[in-house]
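Because the structure is a prediction, the values reported are computed rather than measured. Order of the sequence lines fixes the chain letters, A, B, ..., with proteins taken first and strands second; residue numbering starts at 1 for each chain. Worth knowing before you read on, the calculation uses all heavy atoms, side chains too, and leaves out hydrogens, waters and symmetry mates.
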Amino acid sequence: MPELPEVNTFQRYFDGTSLKQKIQEVVVHDDKIIQDISGMEFAEKLQGATFLSSYRQGKYLFGELDNTHNVLLHFGMTGDIKYYEDELDKPKHERFAFIFENGSRLGFDCPRKFAKIRYLEDRNAYLERIKLGTDALRISTKEFLEKAKGKKASIKGFLLNQKILAGVGNLYADEVLYQLRIHPASKVNKLSKKHLTNIITRTQEILQKAIDRTAYYKDYPDDWFWQWRKEGAIAPDGKSKIETDKIGGRTTYFFPKYQKLYV
DNA sequence: TGTGATGTTGAATG
DNA sequence: GCATTCAACATCAC
């Protein structure tokens with residue numbers, strides 16, 4: 001699920017449900033995804049605290065507490081949050097939940113347990129330490145071009161690198177390169193300044209449109225790539241067949257006849 | 001039944 | 001030292 005538009009949608013949901021209510025208790029069913037401290041310590045730190053606001057950078061969502069500390073929610077591949085009152089609505093793979101004073105809960109669901117939850121006293125120090133890149137929606141063309149300079153990596157791998165820009169994942173990277181007819185294995189240093197400018201501009205347009213549609217794929221424009229992004233697909237021109245390859249470490253879908261390779 | 005998945009990390013490699 | 005690649009993590013669905 002969660003790339004930048006999905007996490008942005010989670011953020012709105014979090015803001016709309018979980019701010020400004022005191023956390024009465026935290027229940028932890030499985031503390032595998034809680035980093036550095038035990039589930040019990042996590043619960044103790046949060047008991048009695050209140051989320052006042054949130055901050056998102058790329059796929060990283062931070063709940064900002066009234067004591068200036070932060071809770072980092074990173075959703076991994078299968079993380080999700082759900083606010084509910086009735087126990088019957090508890091998500092199937094809930095790993096922990098905040099219980100608020102009004103009795104409602106914010107449950108964190110995660111079947112695959114690749115999510116990472118952290119209690120952070122100093123958010124900026126953490127971001128500095130992991131060298132998380134500028135948010136993909138906020139990066140300037142200038143900074144993007146600067147970071148691209150001399151890079152020999154594939155454009156796909158470059159876009160996926162969260163230290164370069166934060167927020168683009170496997171699906172949206174394929175989407176951008178399809179829309180611009182650029183082969184994902186093209187080398188960054190073989191792409192023109194014009195290409196690179198188009199890439200960052202189109203990336204931002206796509207992410208923004210996805211956000212406007214609350215990351216709900218069925219509402220995306222008809223000509224977007226995601227619906228062809230599967231084995232056996234035939235391009236809209238009715239001729240070229242889809243191909244998959246491992247590029248930038250991830251399974252990549254593209255139309256080799258339609259997307260030009262620059263190497 | 002085996003395979004791969006909307007992600008990240010640290011170790012290995014060049 | 002730097003840039004880049006790859007296996008590993010845990011579970012589920014096709």
Side-chain angles (χ1 to χ4, degrees), chain A residues 1-11 29-36 56-61 72-81 91-96 108-118 120 126-127 129-133 135-136 146-178 184-190 203 206-207 209-211 213-220 224-233 242-254 263:
Chain A
M1 291 205 167
E3 299 184 35
L4 189 152
E6 286 80 3
V7 177
N8 191 84
T9 302
F10 290 148
Q11 179 180 26
H29 314 301
D30 180 343
D31 67 3
K32 171 81 178 56
I33 61 172
I34 297 169
Q35 309 299 300
D36 309 327
R56 184 191 60 68
Q57 185 167 334
K59 308 170 194 172
Y60 293 68
L61 179 60
L72 164 60
L73 305 178
H74 188 286
F75 295 86
M77 298 273 257
T78 57
D80 197 0
I81 46 176
K92 187 165 171 203
H93 302 283
E94 181 178 282
R95 304 306 176 187
F96 70 90
F108 192 96
D109 189 57
C110 190
R112 256 174 98 185
K113 300 189 204 174
F114 283 4
K116 299 238 186 298
I117 308 301
R118 289 194 147 87
L120 298 172
Y126 174 74
L127 289 171
R129 183 155 56 79
I130 68 167
K131 299 194 160 44
L132 186 63
D135 185 79
E146 200 60 41
K147 284 183 169 165
K149 204 162 284 179
K151 288 286 190 301
K152 297 174 195 155
S154 66
I155 183 61
K156 166 83 183 241
F158 185 72
L159 288 173
L160 290 179
N161 185 343
Q162 303 300 301
K163 292 180 172 64
I164 305 291
L165 78 169
V168 177
N170 203 18
L171 265 61
Y172 290 95
D174 283 1
E175 183 72 51
V176 171
L177 296 172
Y178 163 79
S186 298
K187 302 292 182 194
V188 174
N189 61 354
K190 301 295 178 185
T203 298
I206 287 172
L207 293 174
K209 277 188 190 171
I211 285 173
R213 291 158 178 75
T214 63
Y216 187 64
Y217 281 59
K218 295 215 162 47
D219 286 347
Y220 288 1
W224 276 22
F225 183 56
W226 69 273
Q227 49 195 319
W228 282 283
R229 199 181 173 282
K230 57 186 172 213
E231 285 307 323
I242 199 123
E243 197 156 300
T244 86
D245 202 353
K246 205 133 200 147
I247 303 173
R250 306 296 303 281
T251 300
T252 300
Y253 289 78
F254 57 101
V263 286

- [ ] Could you work out the separation of C:dA7 and B:dG4 based on their C1' atoms and round it to a whole Å?
- [x] 14 Å
Task: Distance between P atoms of C:dA10 and B:dT1 (Å, rounded) - done: 23 Å
TODO: May I ask you to verify if any side-chain N or O of A:H93 is less than 4.0 angstrom from the OP1 or OP2 atom of C:dT11?
DONE: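 Answer no for this pair, as no side-chain N or O of A:H93 is under 4.0 Å from OP1 or OP2.
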Open item on the list: Counting only side-chain nitrogens and oxygens, does A:T251 get under 4.0 Å of the OP1 or OP2 atom of B:dA5?
Closed with: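 A:T251 to B:dA5 OP1/OP2: side-chain N or O found under 4.0 Å.
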- [ ] Check the pair A:K156, A:D174 against side-chain contact (heavy atoms from CB on, under 4.5 Å), reporting the backbone distance first and the verdict last.
- [x] CA-CA 8 Å; A:K156 166 83 183 241; A:D174 283 1; 2.6 Å; yes
Whole-Å gap separating [atom2] ([N]) and [atom1] ([X]):
X: A:E3; N: B:dA5; atom1: CD; atom2: P; value: 13 Å
X: A:I33; N: B:dT9; atom1: CD1; atom2: C1'; value: 17 Å
X: A:E6; N: B:dA5; atom1: CD; atom2: P; value: 17 Å
X: A:Q162; N: B:dT9; atom1: CD; atom2: P; value: 9 Å
X: A:Q35; N: B:dG7; atom1: CD; atom2: P; value: 17 Å
X: A:K116; N: C:dA8; atom1: NZ; atom2: P; value: 16 Å
X: A:D174; N: B:dG7; atom1: CG; atom2: P; value: 10 Å
X: A:D80; N: B:dA5; atom1: CG; atom2: P; value: 21 Å

Consider the side chain of [X], meaning its heavy atoms from C-beta on, and name the nucleotide among [options] that approaches it most closely.
X: A:R112; options: C:dT4, B:dG7, B:dT9; value: B:dG7
X: A:K152; options: C:dC12, C:dT4, B:dG7; value: C:dT4
X: A:Y60; options: B:dG7, C:dA10, B:dT9; value: B:dT9
X: A:K32; options: C:dA10, B:dT8, C:dT4; value: C:dA10
X: A:M77; options: C:dT11, C:dT4, B:dG7; value: B:dG7
X: A:K59; options: B:dT8, C:dT4, C:dT11; value: B:dT8

TODO: On the 0 to 90° scale, with breaks at 30° and 60°, tag the A:Y220-A:Y172 ring pair as parallel, tilted or perpendicular.
DONE: tilted
- [ ] Would you please determine if the base of B:dG7 is stacked by A:F114, with stacking meaning a centroid separation under 5.5 angstrom and planes under 30 degrees?
- [x] yes
Open item on the list: Working to the nearest 0.5 angstrom, can you tell me the gap between A:K151 NZ and A:F158 CZ?
Closed with: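 Those atoms lie 6.0 Å apart.
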Task: Partner nucleotide, any strand, of B:dG2 [Watson-Crick/G-U, under 3.5 Å] - done: C:dC14
TODO: Would you classify A:K151 as touching base, sugar-phosphate or nothing, given that sugar-phosphate means primed atoms plus P, OP1 and OP2, and contacts are heavy atoms under 4.0 Å?
DONE: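 The residue A:K151 makes sugar-phosphate contact but no base contact.
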TODO: Give one of base, sugar-phosphate or nothing for A:G169, where a contact means two heavy atoms less than 4.0 Å apart.
DONE: sugar-phosphate
Open item on the list: Please check this pair: side chain of A:E3 against backbone of A:L171, looking for a donor-acceptor N/O pair closer than 3.5 Å.
Closed with: yes
Task: A:F75 ring center within less than 6.0 Å of A:F108 ring center - done: yes
- [ ] Side-chain contact test, heavy atoms from C-beta onward, threshold under 4.5 Å: evaluate it for A:V168 versus A:V176 and give yes or no.
- [x]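 No, too far: nothing below the 4.5 Å cut-off.
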